[in-house]
There are 2 protein chains.
Amino acid sequence: MGKIDLKKLGLKVTLPRLKVLAILERNQREHLSAEDIYKALLESGEDVGLATVYRVLTQFEQADILNRHHFAEGHSVFELNQGEHHDHILCVKCGEVDEFTDEVIEARQDAIAKEMGFEITHHSLYLYGICSACQKK
Amino acid sequence: MGKIDLKKLGLKVTLPRLKVLAILERNQREHLSAEDIYKALLESGEDVGLATVYRVLTQFEQADILNRHHFAEGHSVFELNQGEHHDHILCVKCGEVDEFTDEVIEARQDAIAKEMGFEITHHSLYLYGICSACQKK
DNA sequence: CAAACAATGAAAAAACTTCTCATTATTATT
DNA sequence: AATAATAATGAGAAGTTTTTTCATTGTTTG
Ligand SMILES: [Mn+2]
Ligand SMILES: [Mn+2]
Ligand SMILES: [Zn+2]
Ligand SMILES: [Zn+2]
């Protein structure tokens with residue numbers, strides 16, 4: 001988990017990029033939308049445009065320092081790439097998001113792709129359900 | 001695979017609903033967007049509004065006669081519910097979509113949800129990669 | 001510190017989907 | 001077959017999320 005070096009990624013070191021990165025680092029366990037990040041910037045008194053937030057997030061995604069997810073919400077959410085891959089399970093009642101990794105599933109995915117002649121690049125797996133807290137209500 | 005009875009689903013039997021259904025039935029193996037369906041209607045000389053296509057698709061989804069998918073494209077695609085569940089593998093080069101089912105993955109998903117205290121309702125699994133045809137180019 | 005060029009903010013536009021509302025169609029009931 | 005009750009429709013406006021445009025500003029290199 002070394003510090004992220006924008007210069008090494010071919011990105012100029014600008015205030016907007018550093019600020020967005022700081023917000024993502026400060027919210028490691030969260031899954032933030034572009035709007036969330038934009039609002040956080042405004043609250044910190046930073047003068048960054050929403051278009052820039054979108055641009056920077058796309059660049060970070062291409063540089064593989066963060067992951068974009070499409071939960072069943074209509075907008076993208078982002079989280080810093082924490083090294084080890086993980087998948088997500090979401091509560092359809094309260095929106096809670098938990099993370100998991102399963103080696104059996106990962107292995108089967110690779111096997112299936114191979115069987116079907118695909119060279120797999122990535123995957124997205126989301127489980128939806130009702131969390132234990134919401135079941136009790 | 002009995003004929004779909006709109007009346008039994010609590011939906012009035014209207015021309016737009018029948019036409020949309022016909023297009024979906026005629027394209028069982030495809031994954032069509034609302035726009036695709038709208039264009040197909042126009043080409044058949046049908047006078048159906050795009051808003052109606054969206055409305056009807058949402059109603060069909062709620063009636064559980066079709067499934068909505070969010071591939072990495074920015075818009076929803078739909079396919080008639082063919083009884084047995086399946087997941088998807090997509091080519092990032094040419095857009096080809098193939099289908100598969102894996103009992104091991106299905107079982108692990110249920111087990112994971114249970115372990116994490118969730119009552120699972122559904123899931124979405126998409127594998128992305130390069131198909132065999134595109135690898136040869 | 002100057003030149004070269006990349007990044008930015010603001011606003012417009014694009015892409016997709018939903019909403020509003022006046023009109024029309026369907027259904028159940030005569 | 002006509003009626004009344006009500007649900008569905010088409011057109012366009014509007015809502016959401018994201019991208020593009022472009023004049024201005026900032027970063028980097030030498
Ligand atoms: Mn996560
Ligand atoms: Mn399918
Ligand atoms: Zn919950
Ligand atoms: Zn391909």
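By convention in this document, chain letters (A, B, ...) are assigned in the order of the sequence lines, proteins followed by strands, and residues within each chain are numbered from 1. Here the structure is a predicted model, which is why all the values come from computation and not from measurement.
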**Request:** Apply side-chain contact (heavy atoms from CB on, under 4.5 Å) to the pair A:L21 and A:F60, showing each step before the final yes or no.
**Result:** CA-CA 9 Å; A:L21 206 44; A:F60 286 0; 3.8 Å; yes
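- With rounding to whole Å, B:K19 atom NZ is found 13 Å from D:dT9 atom P.
- Reading DNA chain C from its 5' end, the first and the last nucleotide to sit under 4.0 Å from a heavy atom of chain A are C:dA6 to C:dA11.
- Distance, B:L42 CG to D:dG10 P: 11 Å, rounded to whole Å.
- Residue pairs meeting the salt bridge (Lys or Arg N to Asp or Glu O under 4.0 Å) criterion with at least one member in residues 66-77 of chain B, sequence neighbours excluded: B:E61-B:R68.
- One can place CZ of B:R17 at 11 Å from P of D:dA7, the figure rounded to the nearest angstrom.
- Note that SG of A:C91 and CD of B:E119 are 10.5 Å apart. Values are rounded to the nearest 0.5 Å.
- The CD-P distance, from B:Q62 to D:dA8, rounds to 12 Å in whole Å.
- For the salt bridge (Lys or Arg N to Asp or Glu O under 4.0 Å) condition, the pairs that include at least one residue of residues 39-56 of chain B, sequence neighbours left out, are B:K19-B:E46.
- Distance alone, capped at 3.5 Å, is enough to place a donor-acceptor pair between the A:Y128 side chain and the A:A72 backbone.
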**Prompt:** Could you walk me through whether B:R17 and B:Q59 pass the side-chain contact (heavy atoms from CB on, under 4.5 Å) check?
**Reply:** CA-CA 10 Å; B:R17 285 177 181 152; B:Q59 291 155 352; 3.3 Å; yes
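- Within the structure, side chain to side chain donor-acceptor pair (under 3.5 Å) pairs that include any residue of residues 84-98 of chain A comprise A:H31-A:H88, A:E79-A:H86, A:E79-A:H88, A:H85-A:D87, A:H85-A:E106, A:H85-A:H123, A:H86-A:H88, A:H86-A:E99, A:D87-A:H123 (at least two apart or interchain).
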**Request:** Sugar-phosphate means primed atoms, P, OP1 and OP2; the rest is base. With that split, encode nucleotides 18-30 of chain D 5' to 3' as B, S or - using protein heavy atoms under 4.0 Å.
**Result:** BBBB-----BS--
Pair up each side-chain donor or acceptor in residues 6-13 of chain B with any protein partner under 3.5 Å, not counting sequence neighbours, and list the distances.
none

